[in-house]
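Take a look at the structure below.
None of these values were measured; they are calculated from a predicted model. Heavy atoms only: backbone and side chains are in, while hydrogens, waters and symmetry mates are out.
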Amino acid sequence: MTEEKLRVDTQKTEITMWSEKKITDFRSHFLSWYDLEKRTLPWRENNDPYRIWVSEIMLQQTRVDTVIPYYLNFMKLFPTTADLAAAEEDTLLKVWEGLGYYSRVRNLQKAAIQIMNEFSGEMPTNPEDIATLKGIGPYTTGAISSMAFQLPVPAVDGNVMRVVSRLFEISEDIAKPASRKTFEAIMNQIIDPYKPGDFNQAMMDLGSSTCTPTTPTCNLCPINEFCQAFEAGTMTQYPVKSKKKKAKPVYYAGLLIQNERGEFLIEKRPAEGLLANMWTFPLLPEELLTVGTGLKIGKLNDKLPETIETQVLNNLSVESRQRYQIEPIWLKKPFGEVVHLFSHLKWFITSYYGKMSSEMLTEAPENCLWVHPSDFENYTFPGPQQKMWKSYLTKFEK
DNA sequence: AAAACGGGGCT
DNA sequence: AGCCCAGTTTT
């Protein structure tokens, strides 16, 4: 049989595809290895599309070890699509707290409602319909199609691009969205048509166990005899990935304001954008500080002058003071700085503590609430706010 | 095509 | 400090 060629539509990359015999051989080796070595994971207990779906959403950009406890808790609270569709958003957010990418859980519920309304409560069984569900893109469509319904649809994620780029020495930049097409084309050729779900999962297990990003353990790899990069000794040159831009710094003054009942002021973030609908201690962005007197929140370094108390307050704009009813007398000098890195932003929060006097115990501003620390567990706080609170406890309650 | 969108672990 | 991870949606 002649060697088939697969031409990939890039400038320099031409991939020599394997013969049918080699492909069959490869699948056989690979799936035997998977049968033997596959990890036992909660979402591998059966082929329930709902269980697979939830796990795949949680696993987006998130490690297996991180996901497991969240997954078990989630399945206990929402065992079916109907339970998920009927849940309160605040409850869902709290269950997701700490996992990140919170739009995932909002979209998960939107899709659950879609399934209840448009698909009689059952996950649709063909890729085209699956792909119409909120939060389900090309990767997850492939994962659900192959694992739950044994359809030969590739599920191309970071693992697959890494493994395939080494198998065939593909030099396409995996950071570019367009590259996914190349890897899908290759996966379409090598995926096992009889066990596509196992094949896709074998790629993932391989990517996390031996074909790792920096130091792959090729001598332990079950398919090293098929690997071009291994043969050529070029494993560490793949995958090719362009650098990401670094996170942009953003500065805030964070306010821990306590009333005489011991409650703290917290604020609900807007329904759109970063950390949507989550609760934070009030954050004053740079724009709400008056610049020009030489002081800027966040650019304050650790060598703060003792007179910072009045200086900071003089620098709060009228708008900020009115919004949070802050008067100079309440705020002490900053007690700490929190640094929190997101994928695209770096927050610097200079934290202040202030106490309110009884005559100032007025209603909380719009979207704000007075909440006692013993009740914090009922609100969803993102990472930076957890850090602020921890820093406060360390400083004042030790 | 690029940016927005979290958080934690590893080197 | 930088890179990585079982990505999708919006711009």
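Between the side chains of Arg166(A) and Gln237(A), no donor-acceptor pair is found at a separation under 3.5 Å. In this model, no donor atom of one side chain and acceptor atom of the other lie less than 3.5 Å apart for His344(A) and Lys248(A). When only modelled atom types and interatomic distance are considered, Glu128(A) and Thr141(A) share no side-chain donor-acceptor pair under 3.5 Å.
Side-chain contact between Leu133(A) and Phe119(A) is present, with heavy atoms from C-beta onward closer than 4.5 Å. In this structure the side chain of Leu274(A) reaches within 4.5 angstrom of the side chain of Trp347(A), judged on heavy atoms. Using a 4.5 Å heavy-atom cutoff, the side chains of Val160(A) and Tyr139(A) are not in contact.
Qualifying ring pair (Phe, Tyr, Trp, His ring centres under 6.0 Å) partners for Phe78(A), counting only residues two or more places apart in sequence or in other chains: Phe74(A). With sequence neighbours left out, Pro382(A) forms a side chain to side chain contact (heavy atoms under 4.5 Å, CB included) with Leu275(A), Met278(A), Thr280(A), Pro384(A), Gln385(A). Partners of Tyr71(A) under the ring pair (Phe, Tyr, Trp, His ring centres under 6.0 Å) rule, at least two apart in sequence or in another chain, are Trp43(A). Checked against ring pair (Phe, Tyr, Trp, His ring centres under 6.0 Å), Phe226(A) has the following partners two or more places apart in sequence or in another chain: Trp18(A), Phe26(A), His29(A). For the salt bridge (Lys or Arg N to Asp or Glu O under 4.0 Å) test, no residue two or more places apart in sequence or in another chain qualifies with Asp129(A).
The stretch residues 36-45 of chain A touches DNA chain C through Arg39(A), Leu41(A), Trp43(A), Arg44(A), each having a heavy atom under 4.0 angstrom from the strand. For the contact set between residues 192-208 of chain A and DNA chain B, defined by any heavy atom under 4.0 Å, there are no members.
Per the geometry, CZ belonging to Arg104(A) stands 15 Å off P belonging to dC5(C), to the nearest Å. Atom CH2 of Trp347(A) is separated from atom P of dG6(B) by 9 Å (rounded to the nearest Å). Atom pair Met147(A):CE and dA6(C):P shows a separation of 12 Å (rounding to whole Å applied). Going from atom CG of Asp157(A) over to atom C1' of dC5(C) covers 9 Å, rounded to whole Å. Atom CE in Met58(A) sits about 16 Å away from atom C1' in dC5(C), given to the nearest Å. Put simply, CD on Gln61(A) is 9 Å from C1' on dC4(C), counting in whole angstrom units. Atom-to-atom, CD1 of Ile174(A) to P of dC5(C) comes out at 6 Å; the value is rounded to the nearest Å. Atom CG in Leu59(A) sits roughly 14 Å away from atom C1' in dG7(B) (whole-Å rounding).
Listed by first then second residue, pairs satisfying ring pair (Phe, Tyr, Trp, His ring centres under 6.0 Å) with a partner in residues 175-207 of chain A read Phe30(A)-Phe199(A), not counting sequence neighbours. Under the side-chain hydrogen bond (donor to acceptor under 3.5 Å, both in side chains) criterion, the residue pairs touching residues 207-220 of chain A are Arg39(A)-Ser208(A), with sequence neighbours excluded.
Contact annotation for Thr62(A): base contact, defined as any heavy-atom pair under 4.0 Å involving a base atom. Among the heavy atoms of the strands lying under 4.0 Å from Val64(A) is at least one base atom, whether or not backbone atoms are also near.
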Look for any protein N or O under 3.5 Å of an N or O in nucleotides 8-10 of chain C and output each such pair with its distance, or none.
from   : atom 1 : to        : atom 2 : distance (Å)
dT8(C) : OP1    : Gly137(A) : N      : 2.8
dT8(C) : OP1    : Gly137(A) : O      : 3.3
dT8(C) : OP1    : Thr140(A) : N      : 3.0
dT8(C) : OP1    : Thr140(A) : OG1    : 2.9
dT8(C) : OP2    : Tyr139(A) : N      : 3.3
dT9(C) : OP1    : Gly135(A) : N      : 2.5

Produce the list of close N/O pairs, under 3.5 Å, pairing protein atoms with atoms of nucleotides 1-5 of chain B; give distances to one decimal.
from   : atom 1 : to        : atom 2 : distance (Å)
dA3(B) : OP1    : Lys245(A) : NZ     : 3.2
dC5(B) : OP1    : Leu274(A) : N      : 3.2
dC5(B) : OP2    : His344(A) : NE2    : 3.0
dC5(B) : N3     : Tyr101(A) : OH     : 3.3

Provide a list of protein-nucleic acid N or O atom pairs under 3.5 angstrom, restricted to nucleotides 1-3 of chain C.
none

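For dG6(B), neither phosphate oxygen OP1 nor OP2 lies less than 4.0 angstrom from any side-chain nitrogen or oxygen of His340(A).
When atom types are taken as modelled, the side chain of Asn117(A) and the backbone of Gln114(A) share no donor-acceptor pair closer than 3.5 angstrom.
Salt bridge present: Asp90(A) and Lys268(A) bring a charged side-chain N and a carboxylate O closer than 4.0 Å.
Nucleotides dT11(B) and dA6(C) place their P atoms 15 Å apart, quoted to the nearest Å.
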